[in-house]
Amino acid sequence: MVCCFSARTVLITGAGGSIGSEIARQVSALNIDRVVMLDYDENSIFELMNELEDSGHKAIVPIVGNIRDRGIVHRTFELYRPHIVLHAAAYKHVPLMERNCCEAVLNNVSGTHELADAAIEFGCERMVMISSDKAVNPSSVMGATKRAAELLIQELASNNKENGGKTHFACVRFGNVLGSRGSVVPIFLRQIAAGGPVTFTHEEMTRYFMTIPQAVRLVLQVATFGSQGDVYVLDMVDPVRIIDIARDFIRQAGLTPGKDIDIKVVGTLPEEKLHETPWREDSHVTTTAFRDVLQVTTPAVPAGFTRLLAALESAARARKSDREIQELLQRLPINYCPKSPETSTMAIPAI
């Protein structure tokens with residue numbers, strides 16, 4: 001893995017986030033030429049830059065900018081000529097994206113498009129995009145935009161190879177990352193500190209979980225592959241019930257679930273699924289050189305995808321209504337199927 005990064009310039013998008021910042025820390029410890037950290041949040045970049053420089057890492061280039069801005073993206077590639085792009089920037093909060101559909105498309109799809117086009121134009125060696133298991137048969141706008149971005153990467157990789165380009169593209173699907181911004185951990189801890197109740201949406205809801213170090217290792221390992229648009233996942237074994245995590249945190253606080261701290265189911269949102277899966281049933285899954293990394297090979301991108309995607313991006317730039325964006329997402333070959341509301345509010349007994 002070290003050889004892949006040796007003497008390379010690495011561009012990390014979303015570098016100020018919980019995943020991006022940890023990628024920056026680990027990449028900076030390798031024998032790289034420099035790391036270019038791009039994020040629209042100046043405070044996060046400022047703090048990360050100081051942290052890395054205080055640790056002795058001097059080859060740091062902080063850039064405050066948005067991946068949706070073609071000028072920023074193009075100038076970044078022009079000035080620093082990154083060999084490797086690790087694309088962590090994304091909008092990921094599911095309920096928020098249901099109410100901000102244009103922003104979800106512009107950031108998760110158009111931003112990825114700008115980066116991938118620049119990677120091809122400037123002869124970048126590798127680009128890895130971070131996706132989500134919510135992209136599998138998505139029921140949410142966030143998941144749908146991530147699946148659209150996966151297909152975009154797959155198609156660009158195929159076209160680039162046919163045209164003699166050398167850029168390798170890959171996607172990695174994360175499960176829920178414990179400790180990342182927006183994960184259940186800080187929410188549960190805050191609710192426990194307030195005396196409860198601890199709330200979540202359904203007693204039987206499960207998710208696949210991974211830690212931040214596991215997530216970052218997956219990204220760096222996949223960056224070494226000569227992939228042409230394939231999707232990779234961590235072998236996360238079995239999903240975990242959210243209620244079990246809630247109870248564990250309550251017990252770790254020295255309290256009794258259902259006695260000292262109430263646990264309340266507040267009902268699923270329309271965009272939520274009870275269970276996520278890392279791949280579709282018709283996917284071909286194989287092992288890789290890394291024991292716990294699996295390759296998910298999906299069918300070729302259907303004809304007409306480029307035209308439909310262009311219409312979606314155009315509508316988002318024109319700030320069409322959420323309903324119009326959702327209808328355009330449903331036309332894409334991504335199996336996007338919004339759900340009907342499932343509601344329930346009840347207290348859960350202690351176990």
Side-chain angles (χ1 to χ4, degrees), residues 13-14 17 19 39-41 65-70 72-73 87-117 129-156 171 173-174 176-177 180-183 201 205 207 231 266-274 276 280 301-302 304-343:
T13 72
I19 300 298
D39 201 297
Y40 69 91
D41 183 351
N66 199 312
I67 58 170
R68 292 152 46 167
D69 186 330
R70 180 172 299 177
I72 285 287
V73 171
H87 176 30
Y91 284 151
K92 62 183 181 180
H93 293 286
V94 171
L96 282 179
M97 293 305 100
E98 292 299 310
R99 296 154 183 82
N100 296 274
C101 296
C102 288
E103 297 305 305
V105 171
L106 291 172
N107 205 68
N108 294 353
V109 180
S110 299
T112 300
H113 208 160
E114 296 292 351
L115 287 165
D117 283 346
M129 184 198 84
I130 295 176
S131 186
S132 165
D133 57 7
K134 292 177 176 60
V136 181
N137 296 324
S139 60
S140 66
V141 168
M142 179 274 199
T145 58
K146 278 300 190 179
R147 180 56 184 150
E150 287 181 357
L151 285 183
L152 168 66
I153 290 295
Q154 185 178 349
E155 178 153 294
L156 289 176
C171 301
R173 282 184 191 150
F174 284 0
N176 285 34
V177 182
S180 66
R181 293 180 183 176
S183 75
T201 56
M205 181 171 285
R207 290 293 182 266
V231 174
V266 295
T268 57
L269 299 170
E271 59 271 15
E272 287 185 309
K273 289 190 286 188
L274 285 185
E276 302 284 0
R280 284 176 44 171
V301 180
F305 170 75
T306 301
R307 175 180 54 81
L308 293 171
L309 190 72
L312 173 67
E313 292 187 73
S314 177
R317 286 191 292 270
R319 296 304 195 276
K320 297 295 185 179
S321 69
D322 288 347
R323 180 181 295 276
E324 288 174 286
I325 296 299
Q326 291 168 346
E327 288 174 352
L328 288 168
L329 283 168
Q330 285 181 280
R331 295 178 190 176
L332 290 174
I334 58 175
N335 289 344
Y336 170 50
C337 184
K339 292 174 57 183
S340 299
E342 296 177 24
T343 57

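FYI, side chains are in, hydrogens and waters are out, and symmetry mates aren't considered; it's all heavy atoms of this structure.
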Mind checking the [atom1]-[atom2] spacing from [X] to [Y]? Nearest 0.5 Å is all I need.
{"X": "Met142", "Y": "Leu96", "atom1": "CE", "atom2": "CG", "answer": "11.5 Å"}
{"X": "Thr112", "Y": "Asn107", "atom1": "OG1", "atom2": "CG", "answer": "8.0 Å"}
{"X": "Lys134", "Y": "Arg207", "atom1": "NZ", "atom2": "CZ", "answer": "5.5 Å"}
{"X": "Leu269", "Y": "Glu98", "atom1": "CG", "atom2": "CD", "answer": "8.5 Å"}
{"X": "Ile334", "Y": "Glu150", "atom1": "CD1", "atom2": "CD", "answer": "10.0 Å"}
{"X": "Asn137", "Y": "Arg280", "atom1": "CG", "atom2": "CZ", "answer": "5.5 Å"}

Minimum heavy-atom distance between [X] and [Y], given as atom pair plus value:
{"X": "Phe305", "Y": "Pro333", "value": "CD1-CD, 3.9 Å"}
{"X": "Ile72", "Y": "Gly65", "value": "CG2-CA, 4.2 Å"}
{"X": "Val301", "Y": "Leu151", "value": "CG2-O, 3.7 Å"}
{"X": "Cys102", "Y": "Lys320", "value": "SG-O, 3.1 Å"}
{"X": "Ala90", "Y": "Asn108", "value": "CA-OD1, 3.5 Å"}
{"X": "Leu152", "Y": "Val109", "value": "CD2-O, 3.9 Å"}

Tell me, please, which residues at least two apart from Lys273 pass salt bridge (charged side-chain N to carboxylate O under 4.0 Å, His left out).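 Counting only residues at least two positions away or on another chain, Lys273 forms a salt bridge (charged side-chain N to carboxylate O under 4.0 Å, His left out) with Glu276.
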
Contacts of type salt bridge (charged side-chain N to carboxylate O under 4.0 Å, His left out), residue Arg317, not counting sequence neighbours: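 For Arg317 there are no salt bridge (charged side-chain N to carboxylate O under 4.0 Å, His left out) partners, ignoring immediate neighbours.
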
Within the distance-only criterion (no hydrogens, no angle test), does the side chain of [X] pair as donor or acceptor with the backbone N or O of [Y] below 3.5 angstrom?
{"X": "Ser110", "Y": "Glu313", "result": "no"}
{"X": "Ser139", "Y": "Glu271", "result": "yes"}
{"X": "Ser314", "Y": "Ala310", "result": "no"}
{"X": "Ser132", "Y": "Arg173", "result": "no"}

Evaluate the side-chain proximity of [Y] to [X]: yes if any heavy-atom separation is below 4.5 Å, no if none is.
{"X": "Cys171", "Y": "Gln154", "value": "no"}
{"X": "Leu329", "Y": "Leu312", "value": "yes"}
{"X": "Leu308", "Y": "Leu328", "value": "no"}

Output, in order, the C-alpha distance, side-chain angles, deciding distance and verdict of side-chain contact (heavy atoms from CB on, under 4.5 Å) for Tyr91 and Thr145. CA-CA 10 Å; Tyr91 284 151; Thr145 58; over 6 Å; no

For residues 100-112, the salt bridge (charged side-chain N to carboxylate O under 4.0 Å, His left out) pairs (sequence neighbours left out) are Arg68-Glu103, Glu103-Arg319

Audit row: Lys92, Lys146, side-chain contact (heavy atoms from CB on, under 4.5 Å) steps and yes/no: CA-CA 9 Å; Lys92 62 183 181 180; Lys146 278 300 190 179; over 6 Å; no

Kindly determine whether Gln326 and Cys101 satisfy side-chain contact (heavy atoms from CB on, under 4.5 Å), including the steps that lead there. CA-CA 7 Å; Gln326 291 168 346; Cys101 296; 3.8 Å; yes

Carefully, step by step, assess Val141 and Asn100 under the rule side-chain contact (heavy atoms from CB on, under 4.5 Å). CA-CA 9 Å; Val141 168; Asn100 296 274; over 6 Å; no

